[in-house]
Structure formats: structure tokens, C-alpha cells
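Okay, so here's the structure we're looking at.
Residues take their numbers from the sequence shown, with the count starting at 1.
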Amino acid sequence: MKFARFAAGGKTHMGVVADDLIREITGDLFTNWEYTGNTFHIKEIALLAPLIPNEIIGIGANYVAKREQLPNKLPEIPVFFFKPSSSVIGPEEEIVIPAGVDKVKFESELAVIIGKEAKNVPESDVWQYVFGYTVANDVTAPQFFHPDGHWTIGKSFDTFTPLGPVIETELDPSSVYVKARLNGVEKQNSPTELMIIPIGKMISYLTNVMTLKPGDVILTGSPVGAELVGAGDVIECEIAEIGTLRNTFVAAKERAKTC
């Protein structure tokens, strides 16, 4: 089932996508919702980010280029980071490059949406807590990375977390390809089996550190091939089973401060 969040008639709606129609729903997406009876044609609406996340948690450097490069031993402490919900935008919205920065980096990713509160969950049980999946672009301004390795500022600017186009609930995350096209040219195309830390282990590890809650979004890492881009570039992040997340990079009008 594909869930969408969209704008129509000056209002924000939620719905279930069925071909070219969206059947509006009301209620809590994660616990109890129902159809309203209203339908919208896909051409009559503007897709928004499919949810406003509770928390956004990313993992760094989680793909290898080929299977032979997968390590025999996983890192004891994975590299996780947070991104603010204020950085979220939806399909076709503009990604604003901070003033004073010439280039930023796109990173196409599979995003996991948590549907139930989860704490100390064994790897075998994590799928009971997953609501669905969407496409993410973990935009990054490396210029703002701290010399000691802290990534928060470089990943936290407004518009730096495009999500969409929908949430897909029926997906096998172990068998999808994460792709990206820059100005129509393919730059990323890797199966999720090339992840260093698989999604199940990732979620289980996080639940042993913190309580995950409905609406939390986990960015599962970006394949090899991400590049620096500038104003005017168009990025399309795609997972065929979910859809294509398309955004254009634009320059900011005011200068961002580095200290």
C-alpha cells in the first residue's frame, strides 16, 4: 500500500495512492485511519513529504562498491547522526545551497519509517516495528563538517532532507536498488545487499541505545557515486518500488556563517 501526503484546495491531506487516484484518509496513519470517501486525481494535487518525521536518524558510510568489499567484522559503534525535521521537504521542492557554499552533495537513500514504539528489539523482530519505506536524499554541505568529525551542521540546513514521493508499506528492503540521476545521468545504482550494516542490525542496534517511536525516519546510507553539485542541478533519487524523488538545487540569497 502506498500512502501520500499532498496539498489540494489550499489544504494538506493524506491518502492512499491507487494508480492515478488518491483516496483520502483521516485519522492516525500508524494506528487507526479510515477512508473519507473523497478522491483526488494525481494531476490535481501537489505531493508533499509523505510525513513530518518525529526524529531523523542517519548512518554514515554504509555501502561498499562491490560484494567482495563487505567486511567480515562489523563496526562495534556505527556512525549515526541526527537531522532536524525542519530540514524536510517534498518532491519538486527546491534544495537551497547555503550562501557562501559553492557545492553540496546529494546522497540517495532508502528511508525506513518506524510505526510502533521500539526498545531493546532483537534483530529477528525489528520488522514488526517498521511501518514502511520511502526515498530520501541526505543532502550534505561538507564545508560545515567539524574538523573533529562532527557532521550535524553540514547535514542540518533547511531543505537538506527531501523525502518522498510516497510511503510504501509492502516492500522487501533486502532486494531493492537505490539509484540517483544527476541532470538525467545515472550516478548511483546499488542493491541494498551492499550495505555494510544491514537494516535489521541497524534498527536493533538503535533500539538498544534509544527508544524509537512512530514517525521516526532512519536513513540507511547512500551507495557509492554521490557527487558534489551546484545551483541549477536536478537530482532524481529513485527506488523503483517506491518512486522517484526529484528536486532542483538553488542558491541561497544570504550568507551562512561558518562560526
### Query
Between atom NZ of Lys2 and atom CD of Glu168, what is the distance when rounded to the nearest 0.5 Å?
4.0 Å

### Query
If you round to the nearest 0.5 Å, how far is CZ of Phe80 from CG of Leu219?
10.5 Å

### Message
Can you confirm whether His41 sits close enough to Asp20 that some side-chain heavy atom of one is under 4.5 Å from a side-chain heavy atom of the other?
### Response
yes

### Distance, nearest 0.5 Å, that separates CG of Leu74 from OH of Tyr205
11.5 Å

### Query
Once you round to the nearest 0.5 Å, how far does CD1 of Ile114 lie from NZ of Lys213?
13.5 Å

### Query
So, the side chain of Asn38 versus the backbone of Ile22: is there a donor-acceptor pair under 3.5 Å, distance only?
no

#### Entry: Value rounded to 0.5 Å, distance of CD in Glu92 from CZ in Arg246
5.0 Å

### Query
Do Glu186 and Lys179 sit within salt-bridge range, that is, some charged N less than 4.0 Å from a carboxylate O?
no

### Query
Given side chains that start at C-beta, do those of Pro75 and Ile196 come closer than 4.5 Å, heavy atoms only?
yes

### Parallel, tilted or perpendicular, as decided by the 30° and 60° cut-offs, for the rings of His13 and Phe6
parallel

### SB check Arg181 Glu238 (cutoff 4.0 Å)
yes

#### Entry: Donor on one side chain, acceptor on other, Thr36 and Glu24, under 3.5 Å
yes

### Message
Determine whether Met202 and Asn62 satisfy the following criterion, side chain to side chain contact (heavy atoms under 4.5 Å, CB included), listing intermediate values before the conclusion.
### Response
CA-CA 10 Å; Met202 193 184 308; Asn62 197 38; 3.5 Å; yes

### Inter-residue atom distance Glu227.CD - Asp233.CG, 0.5 Å rounding
9.5 Å

### Query
Does a salt bridge link Asp138 with Lys155, judged by any charged N lying under 4.0 Å from a carboxylate O?
yes

### Task
State yes or no: do Ile239 and Tyr177 share one hydrophobic cluster built from I, L, V, M, F, W and Y residues joined by side-chain heavy-atom distances below 4.5 Å, directly or via other members?
no

### Query
Is the closest side-chain donor-acceptor distance between Gln188 and Ser222 under 3.5 Å?
yes

